[in-house]
Enquirer: 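Can you keep this structure in mind? I'll have questions shortly.
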Amino acid sequence: MKRPKYTAGEIADLLGITTVALRNYEKLGLVLPERNEKNNYRQFNAIAFNILRRVRSYIGLGCSMREAVSLVQEHTVADLPQIFRAKADALQKSIERDQQLLSYLQQRSEHLARISASEGECSVENSPGLYAILYRRDLEISSDVQLRRLVREWNKLYPFVDATAYYPAACF
């Protein structure tokens, strides 16, 4: 029984991608089209469509292109639960960080609005923590190894550590 063939345009349309994107999938070796003997156009079968649909599905689940291709080419269905659990754990950590960031931004915004509204007045209040590390003198960054290590660790906490404070002259 002869399997039906589909044009690049038909496959791209079904997947919701461009023919250029389809060609990029071909370059990755995901699918190898056959050539129509009459017009030399590329043709794909339903198996190629299914492979590409799976890759697109994995990308939709948050996988990078490289990860999605690897899932199709190098892994079995039995591997997927563990891979997806790890992806879910990473997503959960990302969500928790985003929630912390949202809370921090809301607090910071409210604090800065209060400062702006009371410019020229002195006041003391609780606010999101403002911390600083003195890692440079003028334009020279310290060469102290421990301090540089601390700055590297500090920067991993960005944006929670990046703070600027404005003190009106009236406070001094």
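All of these numbers come straight from a predicted model, not from anything done at the bench.
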Enquirer: What distance separates K87 NZ from L80 CG, expressed to the nearest 0.5 Å?
Expert: 13.0 Å
Enquirer: Would you say R35 has more than 12 foreign heavy atoms packed within less than 6.0 Å of its CZ?
Expert: yes
Enquirer: Taking side chain as C-beta onward, heavy atoms only, is I83 less than 4.5 Å from H75?
Expert: yes
Enquirer: Output the distance between atom CG (D13) and atom CG (L22), rounded to the nearest 0.5 Å.
Expert: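 Rounded to the nearest 0.5 Å, the CG-CG separation comes to 11.5 Å.
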Enquirer: Given the rule that I, L, V, M, F, W and Y join up when any side-chain heavy atoms are under 4.5 Å apart, are L28 and L32 in one cluster?
Expert: no
Enquirer: If I take atom CD from residue Q43 and atom CD from residue E37, how far apart are they, to the nearest 0.5 angstrom?
Expert: 9.0 Å
Enquirer: If you round to the nearest 0.5 Å, how far is CZ of R152 from CG of L147?
Expert: 10.5 Å
Enquirer: Of all heavy-atom pairs between I17 and A21, which one has the smallest distance, and what is that distance?
Expert: CB-CB, 4.1 Å
Enquirer: Can you name the closest pair of heavy atoms from A68 and V55 and give their distance?
Expert: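 Here A68 and V55 meet closest at CB-O, 3.7 Å.
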Enquirer: Can you name the nearest heavy-atom pair linking L30 to Q73, along with the distance?
Expert: CD2-NE2, 3.9 Å
Enquirer: Kindly indicate whether the side chain of F44, heavy atoms from C-beta on, has any atom under 4.5 Å from the side chain of I51.
Expert: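 No - every pair of side-chain heavy atoms lies 4.5 Å or more apart.
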Enquirer: Please give me the minimum heavy-atom distance between Y6 and A46, naming the atom from each residue.
Expert: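 Minimum heavy-atom separation between Y6 and A46: CE1-N, 4.1 Å.
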Enquirer: Can you measure from CD (E153) to CZ (R149) and round to the nearest 0.5 angstrom?
Expert: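 The CD atom of E153 sits 9.0 Å away from the CZ atom of R149.
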Enquirer: Identify the two heavy atoms, one from K38 and one from N36, that lie closest to each other, and give their separation to 0.1 Å.
Expert: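 In this case the closest contact between K38 and N36 is N-OD1, 2.7 Å.
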Enquirer: Any side-chain heavy atom of Q99 within less than 4.5 Å of one from L102?
Expert: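 Not in contact.
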Enquirer: Determine whether I47 and I11 fall in the same hydrophobic cluster, where Ile, Leu, Val, Met, Phe, Trp and Tyr are linked whenever their side-chain heavy atoms lie under 4.5 Å apart.
Expert: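 Yes, because I47 and I11 connect within a single hydrophobic cluster, where side-chain heavy atoms sit under 4.5 Å apart.
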Enquirer: Where do A48 and N45 come nearest, in terms of heavy atoms and distance?
Expert: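 Heavy atoms of A48 and N45 come nearest at N-OD1, 2.8 Å.
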Enquirer: For V69, which of M65, R66, E67 qualifies under side chain to side chain contact (heavy atoms under 4.5 Å, CB included)?
Expert: M65
Enquirer: Whether the side chain of R148 engages the backbone of S142 through a donor-acceptor N/O pair (distance < 3.5 Å, no angle test) should be reported.
Expert: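 Present.
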Enquirer: Is it true that Y41 and V20 fall in one hydrophobic cluster, defined by side-chain heavy atoms closer than 4.5 Å?
Expert: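 No, it is not one cluster - the side chains of Y41 and V20 are not joined through contacts under 4.5 Å.
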Enquirer: Take E96 and Q100 through the test side chain to side chain donor-acceptor pair (under 3.5 Å) and record every step on the way to the result.
Expert: CA-CA 6 Å; E96 289 168 4; Q100 290 174 333; over 6 Å; no
Enquirer: What distance separates K93 NZ from L91 CG, expressed to the nearest 0.5 Å?
Expert: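 K93 atom NZ to L91 atom CG measures 12.0 Å (nearest 0.5 Å).
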